[in-house]
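What follows is a single structure, written as structure tokens, with notes after it.
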Amino acid sequence: MTTTPTPGFTTADAAELYQVPNWSGGWFRVSDKGQLEATTSPGLHVPLRAIVDEIVDRGESLPVILRFPQVLAGRVKHLNEVFGQAIAEYGYTRHYQGVFPIKVNQRRAVVETVASAGYDYAHGLEAGSKAELALCLAQRMHPDALLCCNGFKDDGFIKLALWGRTLGKNVVITIEKFSELDRILKQAKALGVRPAIGVRFKLHARGSGQWEESGGDQAKFGLNAYELLRVVERLKEEGMIDSLVMLHTHIGSQITDIRRVKVAVREATQTYAGLIAAGAELKYLNVGGGLGVDYDGSKTTFYASMNYTVKEYAADVVYTIQETCKARGVPEPIIISESGRALTAHHAVLILPVIDVTGPTRNLEDQELVAPAEDSHQLIKDMHEIVQNISMRNYREMYNDAVGDKQTLHDLFDLGYVTLQDRARGEALFNAILRKISKLIQSEKYVPDELEDLQKVLADKYICNFSLFQSLPDNWAIQALFPIVPLDRLNQKPTRQATLVDITCDSDGKIEKFIDLRDVKATLPLHEPGKQPYYLGVFLMGAYQDVLGSSHNLFGKVSEAHVTVRPGGRFNIDLFVRGQKARRMIESMGYEEPMLRDSIEDQADAALKVGTLTPGQEHELLEDYGEELLGYTYLEYEES
Ligand SMILES: *Cc1c(COP(=O)(O)O)cnc(C)c1O
């Protein structure tokens, strides 16, 4: 599909408007043709629209998540290489090994891609529960790669971890609370397996941003200094001090300020040195997760951003550990980090079809400018006057008058003094006023912040075929921001300001906060949808969203396409995983399919008897019902 460019608006303008270069990390770009493209390595790019068209042509339904394993693998490689570079540059004497905490995204495609892309770097995995450990144990891993077991543990968890060691896996059990030490020692004796133990320390340093509370003295996990020393003593008594191999710290996710990283790493290294001095023989220093993602591209300490790059992170971690070890005269440890968000966020894009647009400035088009009849209510005449006289100079005042008039109109309607017809006219006039103001503001270059509310009132609602609760739960729960960009028409100037709403019956199912370089924007500039389908991409959603999503209104998991980009703008859909069927969602609530079908059949038989159904209709009804049970939970429109 080609689109006619808007004169005076370039694809560079679109890239800037949606800030694509700022947040994309080089993995996405706006093409000269005005399409949003995935760039999996230099010279390899494909328009997302082409992939979506192919999926639709195959008869699959939207929404869909596009996954780019090449991007995921690229992130794994990048993290390991920047650490490798920093180590070489500073002459650090030992190496770096990453660990992927699978809670960030346990989907098979993600874990397997990270494991295989990380194989040569001995990049490991981190499990935080028994189920996650069971999953990790089944992965093919480099023999040196770590399998860290975090989270609170029972005997079953510990046994599984110990068995992992007998399978040749480098499993380390992290003590999160003091009493776990006894449990580990007991199980290790019972099984006759020598454990490798890590110990999590509660740093007094804290992160920055939304997860600040994960660190500090009040943190949920970890031992204090006294408990840490007790672990060392106890292991010495048992003649097992060589089992203590790792010191582990983690100050929370999405650390926005690099200074917090440095402070925490210094404290962690001092603690490491203290443990060495106390007789421990630690091999690994684990600095945890927290490496951020610049969702809004502002490169600031704003909660949706970060003021450093992955490369700077690696350099600062290596340098701080090295300096502190030098000062304390202790051997340098193997450096471990547990980045999850930073590895996975970029690889997934949620594709949202816009299915309709509503808004105060677009409905009831034909009525508003007809001169009010003689016998119309005075309010109607007043509002009509406002429409006529509104201008750049007076629109704020006129807007306030109109809001007052509309309020009065509704009050009088409630009391029976205004007819339904006049109410309809009044509302149409109000919308006409909004539309005029919207046009006036559009020609202004810069809309003052105080008018943002007005902009929100004027905004269109773009109804998108998705559930916020299933696909972008962090937007709802913690106001997380994700870049949202139309997949094409990026050579045309967007003429509408919009907020997005989903198809759940929950009024929270909406997106009204968008990325901005300075703060957060209340509306997103979008194109007027035409006859062609109009698709939005939600980017950087590969971390946490897939797995935290909930089935509000029984909207289930979204379909996924795993896409490999090939030379020459070509691509392969290696795998298409259909989203959850209605039946699966209903069954997850404790119902069983035969029970549902039996009930419908019984009711249909009864209806047949009383004559509200014909035998032909009954057959059709049962067929339609069965089809919906097997269908996608999202709206499925036949393309006209
Ligand atoms: C969640 C978690 C991580 C992952 O943090 P990111 O910010 O996603 O990198 C790492 N380590 C531990 C202990 C965690 O709980």
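All values below come from the heavy atoms of this structure, side chains included, with hydrogens, waters and symmetry mates left out. As the structure lists them, so they are numbered: ligands from 1, and atoms in each ligand from 1.
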Counting heavy atoms only, which part of R341 comes closer than 4.0 Å to ligand 1: side chain, backbone, both or neither? both

Any N or O of N150 closer than 3.5 Å to N or O of ligand 1: no

Of K103, R107, R108, R67, the residue whose pairing with D546 passes salt bridge (Lys or Arg N to Asp or Glu O under 4.0 Å): R67

So, is G252 polar-close to ligand 1, with some N/O to N/O distance under 3.5 Å? no

Can you tell me how the ring of F68 sits relative to the ring of F28, calling it parallel under 30°, perpendicular over 60° and tilted otherwise? perpendicular

Heavy-atom contact check, 4.0 Å cutoff: does F221 meet ligand 1? no

Contacts of type salt bridge (charged side-chain N to carboxylate O under 4.0 Å, His left out), residue R94, not counting sequence neighbours: none

Of all the non-hydrogen atoms in the protein, which one sits nearest to atom 10 (C) of ligand 1, and at what distance? E338 O, 3.3 Å

Out of curiosity, is P101 lining ligand 1, as in a heavy atom under 4.0 Å away? yes

Check ligand 1 against V104 and write out every atom of the ligand that is under 4.0 Å from a heavy-atom position of the residue. 8 (O)

Look only at interatomic distance and state if K103 has a nitrogen or oxygen under 3.5 Å from any nitrogen or oxygen of ligand 1. yes

Hey, can you tell me if F555 and Y634 have their rings parallel, tilted or perpendicular (30° and 60° cut-offs)? parallel

Exactly one of L146, I335, V99 clears side-chain contact (heavy atoms from CB on, under 4.5 Å) with Y284, and that residue is L146

Numbered in order shown, the ligand 1 atoms found under 4.0 Å of a heavy atom of G290 are 5 (O), 6 (P), 7 (O), 9 (O)

Of all pairs that satisfy salt bridge (Lys or Arg N to Asp or Glu O under 4.0 Å), the ones with a partner from residues 130-151, not counting sequence neighbours: K130-D154

Establish, yes or no, whether a centroid distance under 6.0 Å links the rings of F539 and W23. yes

Considering only NZ, NE, NH1 and NH2 on the basic side and carboxylate oxygens on the acidic side, decide whether K202 and E176 come within less than 4.0 Å. no

Between K236 and E233, does any NZ, NE, NH1 or NH2 come within less than 4.0 Å of an OD or OE carboxylate oxygen? no

Counting heavy atoms under 4.0 Å, the part of R200 that contacts ligand 1 is side chain

Where is the nearest protein heavy atom to atom 5 (O) of ligand 1: which residue, which atom, and how far? Y544 OH, 3.6 Å

Kindly identify the option in G289, S253, S339 whose heavy atom sits closest to atom 7 (O) of ligand 1. S253

Check ligand 1 against G340 and write out every atom of the ligand that is under 4.0 Å from a heavy-atom position of the residue. 6 (P), 8 (O), 9 (O)

